[in-house]
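Below is one structure; the comments refer to it alone.
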Amino acid sequence: MLRLRAFRGTNDKIVKIAVHPTHPWLVTADASDHVSVWNWEHRQVIYELKAGGIDQRRLVGVKLEKLAEGESEPKGKPTEAIRGGSVKQVSFFDDDVRFWQLWRNRSAAAEAPTAVNHLTSTFASPAPSTKGRHFLVICCENKAIFLDLVTMRSRDVPKQELDNKSLLCMEFLSRSSAGDSPLVAFGGSDGVIRVLSMMTWKLVRRYTGGHKGSISCLMTFMASSGEELLVSGASDGLLILWSADHGQDSRELVPKLSLKAHDGGVVAVELSRVIGGAPQLITIGADKTLAIWDTMSFKELRRIKPVPRLSCHSVASWCHPRAPNLDILTCVKDSYIWAIEHPTYSALTRPLCDLSSLVPPQVVAPNKKLRVYCMVAHPLQPHLVATGTNVGIIVSEFDARSLPPVVPLPTPPGSREHSAVYIVERELKLLNFQLSNTTNPSLGNNGSLSETGKLKGDSLESLHVKQIKKHISTPVPHDSYSVLSISSSGKYLAIVWPDIPYFSIYKVSDWSIVDSGSARLLAWDTCSDRFAILESALPPRMPILPKGSSSRKAKEAAAAAAQAAAAATAASANVQVRILLDDGTSNILMRSIGSRSEPVVGLHGGALLGVAYRTPRRISPGAATAISTIQSMPLSGFGSSGSFATFDDGFSSQRSPAEAMPQNFQLFSWETFQPVGGLLPQPEWTAWDQTVEYCAFAYQHYIVISSLRPQYRYLGDVAIAHATGAVWQRRQLFVATPTTIECVFVDAGIAPIDIATRKMKEEMKLKEAQARAVADHGELALISVEGPQTATQERITLRPPMLQVVRLASFQHAPSVPPFLSLPKQYKVDGDDTAMLKEMEERKVNEIAVGGGGVSVAVTRFPTEQKRPVGPLIVVGVRDGVLWLIDRYMTAHALSLSHPGIRCRCLAAYGDAVSAVKWASRLGREHHDDLAQFMLGMGYATEALHLPGISKRLEFDLAMKSNDLKRALQCLLTMSNSRDVGQDNLGLGLNDILNLTAKKENLVEAVQGTVKFAKEFLDLIDAADATAQVDIAREALKRLATAGSVKGALQGHELRGLALRLANHGELTRLSGLVNNLISLGLGREAAFSAAVLGDNALMEKAWQDTGMLAEAVLHAHAHGRPTLKNLVEAWNKVLQKEVEHTPSAKTDATAAFLASLEEPKLTSLSEAGKKPPIEILPPGMSALSASITVKKKPAPVTQTSQPQSKPLALEAPPTGPADAPIGGGPPSASAAVPGTPIGAPPSDAPDATPGTPIGAATPDAPAVAATGAAPASEASEPALVEEAPNSSTGSNPDLIASAEMNPATSASDTEVPDSTVINKPLAEVPPVTPDNQETSISSTLTSSQPFV
């Protein structure tokens, strides 16, 4: 329960402290009068200044500002140069502070039974007064400092302007009308209250004639009659009430009432809200007493001495659900925060927290004791308490997960009145609440819509709620902390008192007890009236630590005792499952679930039972002291050690992330009581959908959302930190956090498992139909059942999960945009409010536009954030079209969901997409795209097409998703502006021929739109082909082919895809227009493929040749007997020879080069060097091109007998078709190539290779070597080509073999030349002219099955 939220060490003691209501800011002043603003959430210091003396930084800043404005040296002494003196009070002031101050006063007064009507009606927000600025106000003895934390400009008001009297305290007054400026009242040392205007910075009025001593505290509050009052306490011990309702006059005001409160002076005053009664005043005095006063009769109700022999210096009203009987916190100069019970009870004072156990041990010196000097409770988050000590600032957190003891009951069908059950002071009460008759947001009238255009914070509760509290005659046995829960049917109510431990099950119809016993935890099944309890025996009480016993031995003893108590409790705890029958009797289903030996620390109900086990962890001495402090309290307070065993995560923020997420949470089946899945990290709470489709597991910084059908599937997590509870409403998860209300829209999408499950269900239905038919009509009935199905196959596409978070409510009043960005330039810091009010009215008018038929149309995407109710909340759910919440004061609140941006999403999530589209008419059309994306994520692409304001690009996507391809084509034609492009032309006239150049430019411009959406056109064609919509596919092909016929319009991959689709549709005329463009882009394969489809061998040969793929061109010409074969071979061999001659060989291994120089034969003359034979690779059967110029030195024996000894040649097969010749293979005259040989061998009549020639052995009967990059098509149609060593080939030339072995660049050894461009490259990988990204190992007819997309 106790946890350190934030700590900041200081060198001096902190004597003044204040907290901002909405931002995580603390302002403190130490004993040396240094003031600092600290962000306790991010652990950062925002601003620091020396308020008591002269802050040189501020003084220099003021001088620079005056110089920048053109002013010379100031005549007098600047106010920043005046010493401030001791700091008496620090505070924040902005629109948030002012709003929540008024809300606190008004809500406390509205609790009184005699409250006037305007207090209980809807609370209207006051007009903004600070124009988005955040003031830090410091009350010093000699002056008041007003510092704007946004612009860092300040205003110092010296005491000379306030009658030259010392300033001791301050309070902000509410304005009586919208035109008034913010007012701040200062209590003076002469007993007079002076009021300063923050607009004119002048004294406007005085409160005189009351105090005879110096004023020490000021506070405003509201009486139940609605009158604004100001109460002041002074050193004379008087408590005086003044009227704070004032007009424009500046006359001196006299007191309304004077009371003698304390002897020795009043130290502080606080307002306390009482449930069902008038507010009370709490005062503390120098006489060490605390007094409680009634604000109706102004009589003293009770006076106590919280801590004997010590006087209190701070007091705070406190209402926390974890401690329902404690309502006052106070501090004295020791290490404790003291809590006082409600006056109805014993009014005892007990230590709530020992702060020395929360701070790190190294902070406090061994001979130093921690002392508290000031304390403040957070006004909106009661679980946060900040204290100023002699070691630093401590922000402690008190069990933020505790919720009010209230549970909603199911609403009968057709009823507009809802009810909830809650516990107050050992009484079970019924809360009935409903919307008043003034408005019904579920009907969606224009009046409720007009609320959406108001500024943020215009109304705390935009809907008026009517509620009645009734008493239930059945009492409850205990008054300690309780947890209420309702069964799935709503027939039974469970109450658990974890600190006792005890539980009771009530029957809602007559409030009779049907089951009770000893239990610390209880969890319901969401599908039936079953529940699980954690039974345990009462552990032995731990002795309270005597005051001041902070020694090491005492802490170690407390740790050992805490471990022993926890072990004794865990030994007797087991999880038991019971069921409630229709007759109201309870029966035990399972006496013990799970076989784990670890003690159970948590139970979570739902479709599956979640059990959390304690992970073994050593308890530190400091933690044991905090545990013992809780355990030593009486039962009416926090109770026994059961509280710590139940809420064991109190110190998790101090652990490392690895330790903070142990795998200690196991899910069990309610039916079989067997584990389901593996261990998970323990969540703080779980929420299960009533339809058992979704579940949410909440952790400290995020919420994990999963889908349950057809099987468990993780959908994602949303970054909602510190969530306290949530309720599912179909595919909507409404989450409450300590500061906000969020809505998470969830959809599981479509996963492969969903499609498989759907297919399996259809098969099961078919089998069931067949079985029924056989049973009814015999075997002949299967003929009709198994007949052809007339239903068309629906194309199901996968859809990813969707999670969208929308913030519905928060505490903040003003927008988070800095004012210097949002406010006009003419606004000055000291300007009046008329321009601000005028802009507000303009914004209110502009937020609502009027659509057709006079319907109000919201122009904002989402509504402005509504005001979140204060404190921990129970989320009831959506009823009557609003989100209901119940706070810790048992007051129902309604959050409006009538804004079209929210209402459309809620309807779509609920499954009513048609109504969502209808409501979209009330939403500005500029937001229809966003709504359509949301509906697409929810699976309503078809319905989203009916939104009138969606863009054409999104309309195309929606039409594709919903298989409305005709509409998708219309969108594409509109977007690409290509309605007239692609139509069949009748021919060119004379003027057309003369203006051909101009028409070509116009055509390029005309197809630019089509080119921009080429991918969309291809997707549409594929979708049309998949659904057999040929007309749409051809219409799209027509446009795209027109763009493809323009040179340079489409990119390579788009042209390839277009060519394939044109061939698929038989559009040969349009395909022929693409071939030249394909060739110009170097896409030889695609061009040849297109030519093959057209049956044009000359065009195919041109495609190979023009793209530099000469090998393919040669093989194609040879296979088809083309007359251009010889020219192609010559061109090919020239390219190859040029490629080899220019092979760089700059870097060579030194050792290999030396050995090669020893073994290589030397050239006898230069004339022999020029006789190197040219490189020739010929098709089979073709004579050598260089036979006339070469001289045979050692003709290789070519006999018919040597051929059977070698393997069959790959290219010797008869030219039956182009598929028989693999591209990239060596010619039949090539011998077995050495791995380093980049090119094939010369023909059989070529002479021996000279030294250094990178050519392999050349014999006509040697098998050729296949390229490593050969295509699969050639491998399938030809025998395998194997690499073979030169010495294994029969009839090979021995000289060539020797030269190949001796040359290190071409030998078969492992030595490689690093920078050689041809080494280790097969033939197919040395394209002389082919682009780098094109493959050359493909069949000449391109019969490959791979697509060209």
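- Donor-acceptor pairing under 3.5 Å is recorded for the side chains of S485 and W524.
- Side-chain polar atoms of H722 and T737 form no donor-acceptor pair below 3.5 angstrom.
- Going from atom CG of D930 over to atom CZ of R861 covers 4.0 Å, rounded to the nearest 0.5 Å.
- Only one option out of C906, P900, C904 pairs with I902 in a side-chain contact (heavy atoms from CB on, under 4.5 Å); it is C906.
- Side-chain contact between L580 and K491 is absent, with no heavy atoms from C-beta onward closer than 4.5 Å.
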What verdict does the ring pair (Phe, Tyr, Trp, His ring centres under 6.0 Å) test give for F665 and H604, after you've listed the backbone C-alpha separation in whole Å, the side-chain angles of each residue and the deciding distance to 0.1 Å? CA-CA 10 Å; F665 183 69; H604 299 273; 5.4 Å; yes
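- The residues R953 and E1016 are annotated as salt-bridged, a charged nitrogen and a carboxylate oxygen being separated by less than 4.0 angstrom.
- We find that E955 and K952 are joined by a salt bridge, their nearest charged nitrogen and carboxylate oxygen being less than 4.0 Å apart.
- Note: W884 and F433 have tilted aromatic rings, judged against thresholds of 30 and 60 degrees for the angle between ring planes.
- Under the 4.0 Å criterion applied to side-chain N and carboxylate O atoms, K961 and D957 are not assigned as salt-bridge partners.
- Looking at R731, its side chain never comes within 3.5 Å of a backbone N or O of Y694 through a donor-acceptor pair.
- In this structure, I1032 CD1 and L972 CG are separated by 11.0 Å, a value rounded to the nearest 0.5 Å.
- Between R530 and E671 a salt bridge is recorded (basic side-chain N to carboxylate O distance below 4.0 Å).
- A side-chain donor-acceptor contact under 3.5 Å links T740 and E742.
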